[in-house]
Each structure stands twice: as C-alpha cells, then as structure tokens.
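Just so you know, ligand 1 is whichever comes first in the structure, and atom 1 is the first atom listed for that ligand.
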Amino acid sequence: MLKTLLIANRGEIAVRIIRTARALGYRTVAVYSDADARALHVAEADLAVRIGPAPVGASYLNVEALLDAARCTGADAVHPGYGFLSENAVFARACAEAGLVFVGPPADAIELMGSKRRSKIAMQAAGVPVVPGFEGDNAGDDELIQAAGDIGYPLMVKASAGGGGRGMRLVHSPEDLPEALSRARSEARQAFGDDELILEKAVIEPRHIEIQVFADRQGNAVYLGERDCSIQRRHQKVVEEAPSPFMTPDLRQAMGEAAVRAALACRYEGAGTVELLVDQNRRFYFLEMNTRLQVEHPVTELITGQDLVAWQLAVAEGRPLPLAQDAIRLTGHAIEVRLYAEDPAHGFTPQTGELHRFQPAEGPGVRFDSGVRSGDRITPHYDPMLAKVVAWGENRDQARRRLIRALEDTAVFGVTTNRHFLSRIIDHPVFGAGEATTAFLEQAFENDPSLKPMTLTDRDWALSAALLGLDTQGQAGWSNAAATRIPVALAVEETTREALLRIRGNTTEVQLGETAFAFQRVAEGPGEVCIIDNGVRQRCQYHREGDSLYLQAAGRAWQVQDRTHAPASADAGSGSGTLKAAMDGAILDILAREGETVARGQTLAILEAMKMEHPVKADCDGVITHVHVAAGTQVRRLQPLVDIEPATD
Ligand code: MV4
C-alpha cells in the first residue's frame with residue numbers, strides 16, 4: 001500500500017495531482033524552487049521541501065534534490081507530472097533504485113519510445129501502421145540520400161531523439177536534401193546530444209490525433225478515445241478537443257486498437273498517449289508515444305467521467321485498470337485551451353510580472369486547471385501557462401459557447417494574455433465546422449485582430465476615464481462630489497487622450513473631444529462596478545496599480561496609464577530621449593553612465609529577451625541624465641531604461 005506521494009513538478013499539474021491524491025487519502029509532498037516558495041502547489045500539499053534555486057537545472061530537474069526530498073518526507077512514490085523529468089528513463093531508474101514507486105511506465109518503455117527510429121521498428125512489428133520511410137541505425141548522409149530516392153518527395157527529415165518539431169525538416173526536392181540533413185543533424189546534436197536521423201514520407205495537411213491508452217501490470221490495456229490536437233502554433237498545442245470532429249466510430253476503433261497494440265508491444269504500464277497523423281483519406285500513421293500524463297488529459301476526463309490521476313495511482317499500486325474496454329463510454333464534447341501570459345500582438349513574447357488579479361469565470365461544464373492565484377508573480381524561469389480552460393457540453397457547439405464565455409468572463413489583470421486570441425479561434429467558422437487542420441492558424445489567423453495591439457474605441461477611452469475618476473476620487477467622492485469638471489489624461493502605449501469628467505450623484509459624464517458620454521453607476525463591489533451605458537446595464541471589472549488601470553468590460557480587456565499628473569514631457573514618439581525596453585527580458589549590460597555625452601545610434605544597453613541579445617540604442621544626440629536599471633535587472637516591456645537630455649542644436 002502506498003501512503004505518501006511526492007509530486008516532482010510545479011504549477012497547475014502539481015496542483016491537479018495533489019487534489020486527486022489527497023482526495024484518495026494519500027499524504028502529498030510538494031517540491032519547490034526559491035521562486036515558488038509561496039506557490040499554490042506548495043500551499044495545497046501536506047508537506048513541502050525546497051529543492052534549490054529558481055533555474056530548473058538546479059531545482060525541478062535536480063534528481064539528487066528530489067530523491068533527498070522523498071527520503072526526508074518518507075515518500076514511497078513519485079509522480080513526475082509532465083515536462084521536466086517525466087520522460088527521463090534515468091530518473092525513473094533512480095527512483096526504483098531508491099525504493100520509490102515511479103508513477104509512470106517502466107524505464108525501458110520510456111527509453112524505447114524516446115527513439116523515433118527504434119519505436120517505429122517496434123510498432124511495425126506490432127502491426128501498428130507507421131509513415132513509410134527509412135529507419136537505418138545511425139545512417140550516414142549517403143545512405144539517407146539513397147533511401148530518399150525510394151521514398152519520394154516531399155519527405156520529412158526527423159531527429160530520432162527529437163520532439164516538438166526540433167531537428168525536423170520538410171524537403172520538397174532532392175537538391176534540397178543534403179542541406180536539410182546537415183541542418184537537422186546539427187540542430188539534433190545541439191538539442192538532444194544525439195544526431196541520428198530518420199526519413200519519412202511527408203503527410204500533407206494532416207490532422208493530429210492522439211489516443212489515450214492505459215495499461216496495468218496484469219497485462220490489460222484499454223483506450224479512452226482520442227483527442228484532436230490539430231490546432232498548434234510552432235509545434236505548441238493551442239486547442240485540444242475530444243472527441244475529434246473528424247472521427248467516426250470505425251476509425252476510432254481501428255486507431256484505438258492500434259494504440260493498444262502499441263502499448264502491449266512495449267510492456268507499457270500506466271497512462272500513455274499514442275500520437276498519430278491522419279491524412280485526407282483517413283489513413284492513420286503512428287508518430288510517437290508520449291510516456292506521461294499529457295497537458296490535455298482533462299478533455300478525456302470530461303468525456304469519459306474518469307479521473308486519470310486516480311487510474312495512474314491504481315496502476316502504480318499494482319491494482320488492475322478500473323474499467324474494461326466495453327465499460328468505457330464517451331459522453332458529450334470537451335474543448336481545452338491553454339491560457340498563457342504572452343503577448344499575441346508582439347510575436348507571442350512571454351510576459352512576466354505580478355498577476356494583480358486572476359479571477360476564473362466558473363459555470364456549469366467549465367473547468368479551470370490553474371497553478372496561480374491573484375498576487376502571484378509570473379517569472380521568466382518557467383512556462384508562462386496561467387491555466388487550462390476546459391469546457392464540456394452535450395454537443396460541440398455547447399462546449400464552444402461555454403468556453404468562449406469562460407474566456408470572456410475571466411479577469412486577468414497584470415500580465416497580457418492570449419485570451420482574446422483563444423476565444424477568436426473557438427469562435428472561428430472553420431473551427432466551428434470542425435475543419436481546422438494543422439495549417440489552420442497559418443491560413444486563417446495571419447491578419448486576425450487578436451494578433452494586433454488592441455485599438456480602443458472612444459467609448460473605451462471614456463469608460464477608462466470614468467473609472468480613473470472613480471478610483472481617484474474614492475468611493476465617497478462619487479456621491480458627494482460637487483459637479484466640478486475634473487481633467488484627466490490617459491495613455492495607452494504612445495497614445496494619450498484627455499477628457500473632462502463631471503460627477504453628479506451616481507452618473508459620470510465624460511467629455512472626450514467633441515463626444516459626450518454618460519455612465520450611470522448602479523452597483524459596485526471591490527474592483528467591480530455595474531454601469532448603465534445607453535440603456536444597457538453591464539458589469540465592468542477594474543484594478544488600479546500605481547499609474548496603471550486595468551479594465552475588463554463586454555469580454556474585452558485593456559490597460560491605460562493615468563497621465564493626469566505626469567509632467568507634459570516630450571515622452572511620445574521617437575527621439576524623445578527616453579529609451580524603453582522593447583520587450584520583457586533582462587538587462588545584460590549597461591554601457592553608459594549618467595553625465596556621459598552620447599550620439600544617436602550609440603548602444604547604451606543590452607537587453608536579453610527571447611534567448612537573443614538586443615542592443616538598446618540612443619535615439620538622439622545628448623547627455624545621459626538618468627540610468628534607471630542596473631545590469632542583471634529583469635525588465636518589462638516599455639519600462640524606462642535610460643533618459644537622455646537631447647542636445648539643443
Ligand atoms: C510529420 C508531418 C508530416 N509528415 N510527419 C510535427 C511535430 C512532430 N511531432 C511531428 N510533426 C509532423 N510530422 C510526416 N511524415 C507533419 C508534422 C507537423 C505537425 C504535426 C502535428 C501537428 C502540427 C504539425 C505542424 C507542422 C508539421
């Protein structure tokens with residue numbers, strides 16, 4: 001009997017595992033880095049152990065520290081979650097040697113599935129269809145070039161140790177092959193320390209469908225339907241759903257039975273996912289098997305009514321699977337999206353900073369799996385996923401409606417998110433028709449407004465001004481204020497607008513240029529106000545933090561800066577002399593001192609962001625009056641870095 005489970009992970013998946021384990025009576029042990037000392041997963045576990053500083057190499061990937069944490073808490077089992085050490089055969093073996101039950105498959109199965117070449121050979125032997133190609137053992141370029149002639153074009157060059165699209169090349173004709181081979185090789189060597197390559201015929205505009213499988217030590221294996229993960233961006237899944245709108249009962253059975261054969265062939269135990277490509281003729285091909293619980297497992301849970309973490313724990317204890325194949329039923333439809341702290345308008349750059357408010361919109365059929373709370377900091381050390389938002393419906397459209405509502409009604413203040421991008425995808429007619437393939441985002445979203453900075457309407461500006469007035473005046477001010485005109489100035493990035501407010505009782509009149517607005521305030525709570533605008537009563541959420549005002553109304557969210565009392569400085573446009581960070585990142589170096597005379601174009605600082613170094617250059621000739629940051633500081637986009645007093649001539 002297992003009693004104490006250590007969760008070797010963080011964030012939403014650690015929280016999710018802890019909740020099931022606790023409900024089943026297990027004692028739970030969280031582990032945390034210095035950056036996570038106050039994180040939700042730590043608060044929810046029975047015990048928690050610090051495993052190192054913030055960088056993952058020193059903490060969540062630190063095998064010795066994890067084993068020590070298990071030892072000093074008396075843990076008898078380890079759940080690795082996903083990512084980190086979840087598919088690391090060395091870690092699985094180290095757990096076994098330390099007398100700990102690893103909640104996952106045997107190390108040999110992890111190792112086999114970690115090699116595309118070896119797993120394809122094993123799958124073919126087990127009667128699982130694979131994409132036709134070439135799987136020579138450490139084949140050289142000459143051998144690969146010769147094999148390519150037999151396979152035909154277009155073809156895929158793939159790193160045998162690869163994943164997530166790294167070390168992968170699509171090649172259209174023989175003359176492009178040698179260069180593709182050498183590039184894929186060096187990418188694979190860098191990323192995986194292993195440059196073995198395989199070749200496959202390319203499947204054009206495939207759907208990406210994966211089968212959830214489960215196996216126990218008694219030799220039983222079942223499938224729990226499929227998930228359609230066709231909507232991806234740069235090999236990152238964005239939307240996952242179950243069942244696949246593309247699926248038929250016959251195809252499901254054929255794919256499910258193939259996936260079960262795959263699991264049995266490698267003596268699998270526990271939860272696994274068999275990834276397959278499906279071509280336009282509904283032929284399917286094994287791609288790889290993920291030997292962990294996946295991020296998107298909730299959609300399977302919602303349509304099967306099963307708790308997959310409970311199943312994992314049962315198998316880890318040596319008990320048989322809870323259900324036989326014919327007892328597994330799929331009911332309704334579930335869709336999941338990954339809500340990220342990232343900025344779709346600026347190349348999806350990860351966002352960092354304090355999450356001033358995180359208020360999930362709950363409702364029937366809506367599930368939030370989240371590892372963060374209001375007040376948490378999003379740091380650059382880890383994946384910036386805030387939550388998985390999942391909706392179940394009796395049918396696909398009901399699930400879509402519920403998901404869109406959940407996204408629109410969720411308040412996230414403090415960091416920019418992909419929320420609007422996600423709701424636009426779920427609302428899109430191509431997605432609605434169930435026709436989105438892996439090419440969908442590139443084909444349909446190139447010019448989508450959710451990928452551009454938000455443009456505020458006059459009404460948005462006026463509402464922002466009214467709420468700035470509310471917040472500045474305080475609650476009492478609203479009811480008693482004399483009907484004087486209050487000037488306010490507000491800015492979004494480089495655009496500034498001015499307005500005049502007149503507050504009479506519970507009505508705020510806003511004069512914005514030629515246009516007048518009147519907002520009647522009918523109810524309010526902390527950070528929330530109900531207004532009547534043009535006869536329509538609606539809720540509006542807001543949060544004030546320093547000069548920033550975050551707002552959310554009618555499913556849209558934006559942020560304005562209060563410039564009312566800011567000096568009328570020339571800080572708009574280029575050549576202003578105020579250099580700002582172009583994106584979130586870290587200052588690597590400061591190359592200028594206060595008092596120094598600089599020339600336009602001179603590099604004054606180096607910003608490291610998105611794994612690249614960006615020079616920050618003087619935008620005018622002049623003298624440096626202030627350096628706001630030191631080398632080593634984390635900065636946010638638009639944070640002032642250096643002030644220059646422009647030369648006067
Ligand atoms: C392919 C393919 C077409 N033909 N293999 C991308 C990630 C990796 N796991 C497998 N991938 C692909 N393999 C053959 N033989 C197309 C992709 C692919 C893809 C697959 C699933 C979801 C999105 C994708 C986007 C681009 C390419």
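Sorted by chain and number, the residues within 4.0 Å of ligand 1 by heavy atom are Val131, Met156, Lys158, Gly165, Met168, Glu200, Lys201, Ala202, Val203, His208, Gln232, His235, Leu277, Leu287, Glu288, Thr438.
Taking the six-membered ring for Trp and thresholds of 30 and 60 degrees, Phe440 and His428 have ring planes more than 60 degrees apart, a perpendicular arrangement.
Screening residues 330-339 for side-chain hydrogen bond (donor to acceptor under 3.5 Å, both in side chains) gives Glu240-Arg338, Glu241-His333, Glu296-Arg338 as the qualifying pairs, with residues at least two apart or on separate chains. Each salt bridge (charged side-chain N to carboxylate O under 4.0 Å, His left out) pair with one or both residues in residues 253-273, not counting sequence neighbours, appears once here: Arg217-Glu269.
In this view, Ala254 and Phe284 satisfy the side chain to side chain contact (heavy atoms under 4.5 Å, CB included) rule, not counting sequence neighbours.
When the shell of 6.0 Å around CD of Glu394 is examined, it contains 12 or fewer heavy atoms from other residues, nucleotides or ligands. In the displayed structure, Gln190 atom CD is contacted under 6.0 Å by at most 12 heavy atoms of other residues, nucleotides or ligands.
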